[in-house]
Amino acid sequence: MQHRGADDPLRVWVLGCSTGQEAYSLAMLFAEYSEHLPRMPRLQIFATDLNDVLLEKARHAFYPQTIAQDVTSDRLRRFFDEEEGGYRVNKTLRQQVVFARQNLMSDPPFSRMDLISCRNLLIYLEPGLQKKIMPAFHYALKPGGFLFLGASESISQFAALFTKQKIFSRKAGLTPLFHLPLPNERGTYPSSRQHAQTLDSAAAPDGVRGGGDAQREADRIMVNQFAPPGVLINAELQILQFRGVTSDYLEPPTGKASFDLLKMARQGWMLPLRAAINRAQRENKTVRRENVRVGQNGGTRAVNLQVIPLKNLKERCYLISFEEDHERRADHRQR
Ligand SMILES: C[S@@+](CC[C@H](N)C(=O)[O-])C[C@H]1O[C@@H](n2cnc3c(N)ncnc32)[C@H](O)[C@@H]1O
């Protein structure tokens, strides 16, 4: 945190955030620690859960008076506004946390995170699934980024990916292949709603209903900001959806309008893109290519590319994500 500039915010992903306490607690700790720094770094907390009801409560940020037993009076004064019947997290803190719906089992992970806090979610998953999710955490973290698990959760056999301190630190190196959505041990796919209901059946607080569509739309925009840009394509390589800003990687071809991915690929992209998609189709596995050179404005940029086959759909579809290779860029600067 000490060497961060204003354009390099600390990126935190709180997974399985439930009603928001964990995310707001991290924002409080950050505010307290930052006081001792010469310059206050920026913080972006992205908090996700698959349960919409819990997410609405988390956004509302209103907690009963009994929290005074767990939260010090200093923190209550500094970070909360007292309202009738309880305390509401103040606006400054609320603005640092974005809540969005995301299913750990089936939605693509976010990327370039400094910290992933995933507490008391893995214990509810079958052991086989817990293991399968670790490569996704490795992918989502920056090198050296931290994984913070619950007291009774562990990285199981993935010691090669993380260095254990009190929390786990991502080791450098390639992320092993992983596929989403993950099947459960019986070979079926976990249903989001079922999971949400079995883990927590809390109801929305009074006055917090409605506005669902607007919130979903806001979530969609925020997810686009945090997730790497990409496209969803079908088996004929036709683009079904653009996700985020893809103009650094794709451009409309001259002549007849087309959504053909290969026709839209910028210079240098077409062959590696086609090879990665062919392999993902053949092996039905996620394929990742690093340091692919893409032409732009007369120069080239190093880009990482990932093709993820989406499995439990009627039509065969692939999610392709593009990401600037920040490590490689940093390497060049150091030399
Ligand atoms: C026991 S709570 C933990 C809450 C908080 N992290 C804590 O430690 O207090 C587990 C949370 O994980 C969420 N969850 C369960 N399965 C999930 C999945 N596949 N993707 C995202 N969130 C999930 C549940 O909705 C619930 O809010």
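Position 1 is the first residue of the sequence; numbering continues from there. Here the structure is a predicted model, which is why all the values come from computation and not from measurement.
Across all non-hydrogen atoms, the minimal contact from Thr246 to Gly230 is CG2-O, 3.4 Å. Of all non-hydrogen atoms in Glu323 and Ser111, the two that sit nearest each other are OE2-OG, 3.1 Å. Of all heavy-atom pairs between Ala27 and Leu43, the closest is CA-CD2, 4.0 Å. Considering every non-hydrogen atom in both Phe62 and Gly85, the closest pair reads CZ-C, 3.8 Å. Pairing each heavy atom of Val307 with each of Ala276, the nearest pair is CG2-CB, 3.9 Å. Heavy atoms only, all atoms of each residue included: Gly16 and Asp49 are closest at C-OD2, 3.3 Å.
Of the possible polar contacts, none joining the Arg101 side chain to the Leu55 backbone as a donor-acceptor pair under 3.5 Å is found. Between the side chain of Asp114 and the main chain of Gly145, no donor-acceptor pair closer than 3.5 Å is present. Checking side-chain atoms of Tyr87 against main-chain N and O of Thr66 turns up no donor-acceptor pair under 3.5 Å. Using a distance-only test at 3.5 Å, with no hydrogens or angles considered, no donor-acceptor pair links the side chain of Asn291 to the main chain of Ala302. Side-chain atoms of Asn234 come within 3.5 Å of backbone atoms of Gln238 as a donor-acceptor pair (strictly under, hydrogens ignored). Put simply, the side chain of Arg94 gets close to the backbone of Val89: a donor and an acceptor are under 3.5 Å apart.
Between Pro272 and Arg289 the shortest side-chain heavy-atom distance falls below 4.5 Å. Counting heavy atoms from C-beta outward, Val12 and Leu26 have side chains that approach closer than 4.5 Å. With a 4.5 Å cut-off on side-chain heavy atoms, Arg42 and Gln44 count as touching. The closest side-chain heavy-atom distance from Pro309 to Lys285 is not below 4.5 Å. With a 4.5 Å cut-off on side-chain heavy atoms, Ile116 and Phe110 do not count as touching. The shortest side-chain heavy-atom distance between Pro41 and Phe30 falls under the 4.5 Å cut-off. Residues His138 and Met134 are not in side-chain contact: their nearest non-hydrogen atoms beyond the backbone lie 4.5 Å or more apart. Counting heavy atoms from C-beta on, the side chains of Leu115 and Leu10 never come closer than 4.5 Å.
Residues that satisfy the salt bridge (Lys or Arg N to Asp or Glu O under 4.0 Å) test with Glu83, not counting sequence neighbours, are Arg88. With sequence neighbours excluded, no residue forms a salt bridge (Lys or Arg N to Asp or Glu O under 4.0 Å) with Asp70. Scanning for ring pair (Phe, Tyr, Trp, His ring centres under 6.0 Å) contacts around Phe322 gives Tyr249, Trp269, with sequence neighbours left out. Partners of Glu251 by salt bridge (Lys or Arg N to Asp or Glu O under 4.0 Å), not counting sequence neighbours, listed by chain and number: Arg266. Not a single side-chain hydrogen bond (donor to acceptor under 3.5 Å, both in side chains) links Gln281 to another residue, sequence neighbours left out.
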> side chain to side chain contact (heavy atoms under 4.5 Å, CB included) between Gln306 and Ile308: does it pass, once the steps are laid out?
Replying inline: CA-CA 6 Å; Gln306 181 151 275; Ile308 306 177; 3.7 Å; yes
> What's the verdict on side-chain hydrogen bond (donor to acceptor under 3.5 Å, both in side chains) for Ser117 and Trp13, showing C-alpha distance, side-chain angles and the deciding distance?
Replying inline: CA-CA 6 Å; Ser117 181; Trp13 182 10; over 6 Å; no
>> side chain to side chain contact (heavy atoms under 4.5 Å, CB included), that's the test. Do Leu121 and Leu149 meet it? Break it down for me.
In response: CA-CA 9 Å; Leu121 193 172; Leu149 297 179; over 6 Å; no
>> Let's go through Phe99 and Tyr24 carefully: what are the C-alpha distance in whole Å and the side-chain angles of both, what is the deciding distance for ring-ring contact (aromatic ring centres under 6.0 Å, His included) to 0.1 Å, and is it a yes or a no?
In response: CA-CA 11 Å; Phe99 291 96; Tyr24 292 127; 5.7 Å; yes
>> If you apply the rule side chain to side chain contact (heavy atoms under 4.5 Å, CB included), what do you find for Leu50 with Gln102, and how did you get there?
In response: CA-CA 5 Å; Leu50 51 65; Gln102 205 265 1; over 6 Å; no
>> Quick one, Asn278 with Val287, criterion side chain to side chain contact (heavy atoms under 4.5 Å, CB included). Give me CA distance, side-chain angles, the key distance, then yes/no.
In response: CA-CA 10 Å; Asn278 282 349; Val287 172; over 6 Å; no
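Taken from OG1 in Thr254 to NZ in Lys263, the straight-line distance is 11.0 Å, to the nearest 0.5 Å. The CG atom of Leu273 sits 4.5 Å away from atom CG of Leu261, with the distance rounded to the nearest 0.5 Å. A distance of 12.5 Å separates CZ of Arg11 from CD1 of Ile45, quoted to the nearest 0.5 Å. Considering OG of Ser321 and CG of Leu319, their distance stands at 6.0 Å, rounded to 0.5 Å. A distance of 5.0 Å separates CG in Leu240 from CG in Leu232, rounded to the nearest 0.5 Å. Atoms CZ and CD1, on Arg119 and Ile123 in that order, are 10.0 Å from each other to the nearest 0.5 Å.
In the hydrophobic clustering of ILVMFWY residues, with side-chain heavy atoms under 4.5 Å counting as a link, Ile67 and Val97 come out together. With hydrophobic clusters built from ILVMFWY side chains whose heavy atoms lie under 4.5 angstrom apart, Tyr318 does not share a cluster with Leu271. In the hydrophobic clustering of this structure, Val14 groups with Tyr33; members are Ile, Leu, Val, Met, Phe, Trp, Tyr whose side-chain heavy atoms approach within less than 4.5 Å, directly or through other members. Side-chain heavy atoms closer than 4.5 Å link hydrophobic residues (I, L, V, M, F, W, Y) into clusters, and following such links, even through other members, never connects Leu29 to Phe46. Under the 4.5 Å side-chain heavy-atom criterion for Ile, Leu, Val, Met, Phe, Trp and Tyr, Leu76 and Leu93 are members of the same hydrophobic cluster.
No hydrogens or angles considered: a donor-acceptor pair under 3.5 Å links the side chains of Asn284 and Arg316. There is a side-chain donor-acceptor pair under 3.5 Å between Gln21 and Thr19.
For residues 26-37, the set of pairs meeting the salt bridge (Lys or Arg N to Asp or Glu O under 4.0 Å) definition, not counting sequence neighbours, comprises Glu32-Arg75, Glu35-Arg78.
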